[in-house]
Student: 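What follows is a structure written as structure tokens; I'll ask about it next.
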Amino acid sequence: MSATASKVCLLGDFGVGKTSLVARYVRNTFSDNYLTTVGVKVDSKEVPLPDGAARKLVIWDIAGKSGLDALNMSYLRGASGLLLVADGTREATLRSAVDLLLQSRTLLPDAHAILLINKLDLVDRWEVAPATLVELRKSMPVIETSARQGDGVEQAFLEMATRLNA
Amino acid sequence: MNGPSVNDRISPELERQIGRLLFEKMQPLLLEFDRDWHLVNLHGDAALFGFAPDNAANSVQQLQDLFLGMPMDGAIDLPFVQMPNGRNAHVHLMLVDGGHQVLLIDAQGEHDRQQAQQQVGNESFLIAQQKDKAVRQLRQIRSELESQRNRLQEANALKNALIATLSHDFRTPLASIFGYLHLLEEEPDAPLETRNSLRALRRNANYLFALAENLLEYARSETRSSLLAPVVTDLEMMVEDLDQMFRVQAEDVGLGFSITLDREPGNPPVLDELRLRQILVNLIANAIRYTQSGSVKVSLAWRGGSLVLSVRDTGVGIAQEASQAVFVPFNRAGNAGNGGAGLGLSIVKRLVQQMLGTLEFESRLGEGTCFRIELPDLTHLVQKVDAPVESEAGQTHADRASSVLIVDDDPDMSHLLGEIMAGVGFRVRVVADATRAVEQALADPPDILLVDVELPGLSGNTAVFRLRAKGYRGHVVTISATPTEEARKVALNAGANQFMTKPINIEQFTRAMLRVRRSD
């Protein structure tokens, strides 16, 4: 019997590492070259869950923007989960991620949302303060990730799959 | 008028031609599915979009995933979707009777154009942001460096003030020590043990005095550039003073000691006397400190408008590689075991430079060192050369000088001065503050007023000024622990006839007082 599939969209400002997170998770690869995404790339991966079940994630890597336009809204339709991605070295991208979440709530009021703060490997250059993350954790799950080194990546998608399966 | 004909309908033939053209450009792939997503029909080049005929089920699943969760109640447009082979397409889902159709239109060209455009914009934005961040960080670093520099400057100023205060405050007790030493050394019947003890006292007092002088000079040079204070310099007196200061010290450690002066007649030397004395004190003290056996020979020669002085010892010598390090403050060039703060030579070098002179030295390890310094006459630097410190600025008092009023809040110092003055026949009175000094001097004017500058309440200079303003005409000697030209000028401007610095040379002081009395 095939695993239940869920659509999960990655949203965030450009250059925060959404495509790299998917590449790390789905293909276990990483490239230092930044190539902006136009439109959407769709990948899928089946996630085995601790209880023995599995959940297929259809992952939509949507072009990075600080706000949602009509095009991005059309990509969001049918999503059950949102991975909001920010770049720890650029605090403004954290504000964008929160804005994107608020805007997407009009279309997806019940979607599960997890905030990923990427570029953990550059933590010495982070602008996002630990105290800010403590505050954010009170309202949503927050995971620090590094697409370059893989830290937190598996954990992020597993967390989403677990929440979708609950 | 001839012009293009306008027709609101496109002919069927033209429409077919346009359709063919667009079809060729867009390279559409149309997939027809039944309600259960079973592929029924396919039109176009499936391979262009990465759909492999031998893996049709997987390809169909990927297409189906695109519409996961979406309500299938109408047409759905998904622009710029990356296909399994990486090619980009516009995806359109259309509902038809009995199923649905998915139309893929090639969008790779448009995708690449948009990507190139956005790539440039995004990279520019990121670079600008990094640049802003770098500029902010640099500003912050600069600001931190400035505040650190300010803190260091503040700490340095405090350190210098502390050093200056300490070395200044050394002078008054040292003046007492030297004075009482002198009185004790004059005792003709003192036993040998007592004389030896007094020699040890003088040696250590000399060391403390030189150290205080050096620390004061060190602090002064860090806080401001020292101005030269050229005065007619009594070299004979200086040689006599240095001989008295160092002969006993050298002899106590078994060294021969000589100090000679070769002076051409006329043309009195105009030099910065305080600095010259400090140079000699440092060089001689170093020579004695670093010589275990043999001798220390000092010579001064005043000829042709310049003073040449040399200090030659038969001591440990200075290694070639340490020849520059010896002039670095607090560096003792490997002779750490011999005592001393390591300031002497650095100060000598600075003082020589300030006096526009030259310094050179020759040294052989284990054989000795000879420092040679040449200092030019400084007459050209002053329009009117100040009188030597022991000369009188004006002898205006008429009566025979036989009474003295000593004004000093340090009882040891006032007692010492009282002993000395009484010893040469003066009638002595002592007060401890400036207000009482003014009252007493006006009530019963003394022939000589010996006044300390640093007094509680009114300063000694203020007292002198008030007395002069009220007509006091006696001889005023101001004694200060601040050995600067500025302090001397302030004292003389206030009305003093003489300015002496602590610790005073008792013999020099006594002779000066006797001269005042003889001149009346």
Side-chain angles (χ1 to χ4, degrees), chain A residues 2-9 13-17 19 22 33-46 56-66 69-81 87 89-93 96 107-108 110-111 122 124-127 164, chain B residues 37 50 57-59 61-93 104-105 107-130 132-134 136-137 140:
Chain A
S2 62
T4 309
S6 298
K7 177 175 175 177
V8 175
C9 292
D13 218 332
F14 66 86
V16 297
T19 305
V22 176
N33 296 329
Y34 167 61
L35 192 62
T36 188
T37 303
V38 173
V40 64
K41 292 175 184 171
V42 182
D43 277 289
S44 64
K45 183 166 175 171
E46 202 167 286
K56 178 182 170 182
L57 298 183
V58 177
I59 304 161
W60 286 52
D61 170 20
I62 298 172
K65 281 181 182 164
S66 55
D69 55 13
L71 181 61
N72 281 358
M73 286 295 249
S74 74
Y75 292 141
L76 288 181
R77 290 176 68 195
S80 311
D87 174 354
T89 68
R90 292 153 59 203
E91 194 171 24
T93 63
S96 297
L107 182 69
L108 305 168
D110 302 321
L122 303 176
D124 55 329
R125 292 191 227 157
W126 271 32
E127 293 176 352
L164 289 168
Chain B
W37 281 95
N58 190 42
S59 302
Q61 184 60 56
Q62 288 177 2
L63 265 186
Q64 193 181 345
D65 282 348
L66 287 179
F67 305 101
L68 181 67
M70 293 187 188
M72 305 293 279
D73 53 1
I76 298 173
D77 282 342
L78 296 174
F80 294 116
V81 179
Q82 195 176 76
M83 293 292 107
N85 64 349
R87 200 165 182 86
N88 283 272
H90 297 314
V91 180
H92 304 274
L93 181 131
L104 305 182
I105 297 173
Q108 191 61 39
E110 178 61 15
H111 173 274
D112 291 349
R113 274 191 298 279
Q114 286 202 21
Q115 188 179 47
Q117 207 174 9
Q118 287 181 23
Q119 183 84 15
V120 171
N122 290 356
E123 283 181 349
S124 301
F125 181 86
L126 290 174
I127 288 169
Q129 213 172 35
Q130 282 174 352
D132 285 350
K133 198 170 172 178
R136 278 200 308 275
Q137 283 174 338
Q140 192 181 346

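Proteins come first, then strands; the chains are lettered A, B, ... in the order of their sequence lines, and each starts at number 1.
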Student: Check for a donor-acceptor pair, side chain of B:Q82 on one end and backbone N or O of A:V42 on the other, with a separation under 3.5 Å.
Tutor: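 Pair absent, no side-chain N/O of B:Q82 close to backbone of A:V42.
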Student: Could I get the full list of salt bridge (Lys or Arg N to Asp or Glu O under 4.0 Å) partners for A:D61, not counting sequence neighbours?
Tutor: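 By the salt bridge (Lys or Arg N to Asp or Glu O under 4.0 Å) rule, A:D61 matches no residue at all.
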Student: Could you pull out all residues at least two apart from A:Y34 that satisfy ring pair (Phe, Tyr, Trp, His ring centres under 6.0 Å)?
Tutor: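 Ring pair (Phe, Tyr, Trp, His ring centres under 6.0 Å) list for A:Y34, sorted by chain: empty.
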Student: Going by the angle between their ring planes, with limits at 30° and 60°, are B:F67 and B:W37 parallel, tilted or perpendicular?
Tutor: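 Parallel, since the angle between the ring planes stays under 30°.
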Student: Can you say whether A:S80 sits under 4.5 Å from chain B via the side chain, the backbone, both, or neither, judging by heavy atoms?
Tutor: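 Contact with chain B: none, neither part.
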Student: Can you tell me which of B:Q118, B:E123, B:Q114, B:K133 forms the most heavy-atom pairs within a distance under 4.5 Å of chain A?
Tutor: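 Most heavy-atom pairs within the cutoff with chain A belong to B:K133.
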Student: Check each atom of B:Q61 against the heavy atoms of chain A and say whether the ones under 4.5 Å are side chain, backbone, both or neither.
Tutor: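 Contact with chain A: side chain only.
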Student: Could you look at B:Q130 and say if it's the side chain, the backbone, both or neither that has a heavy atom under 4.5 Å from chain A?
Tutor: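 Interface part for B:Q130: neither.
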Student: Just give me the residue among A:V38, A:L35, A:L71, A:D43 that pairs up with chain B most often, heavy atom to heavy atom, under 4.5 Å.
Tutor: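 Of A:V38, A:L35, A:L71, A:D43, A:V38 has the most heavy-atom pairs under 4.5 Å with chain B.
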Student: Quick check on A:V58 against chain B: is it the side chain, the backbone, both or neither that has a heavy atom closer than 4.5 Å?
Tutor: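 Looking at A:V58, just its side chain touches chain B.
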Student: Angle between ring planes, B:F80 versus B:H90, binned at 30° and 60°: parallel, tilted or perpendicular?
Tutor: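 Perpendicular: the ring planes of B:F80 and B:H90 meet at over 60°.
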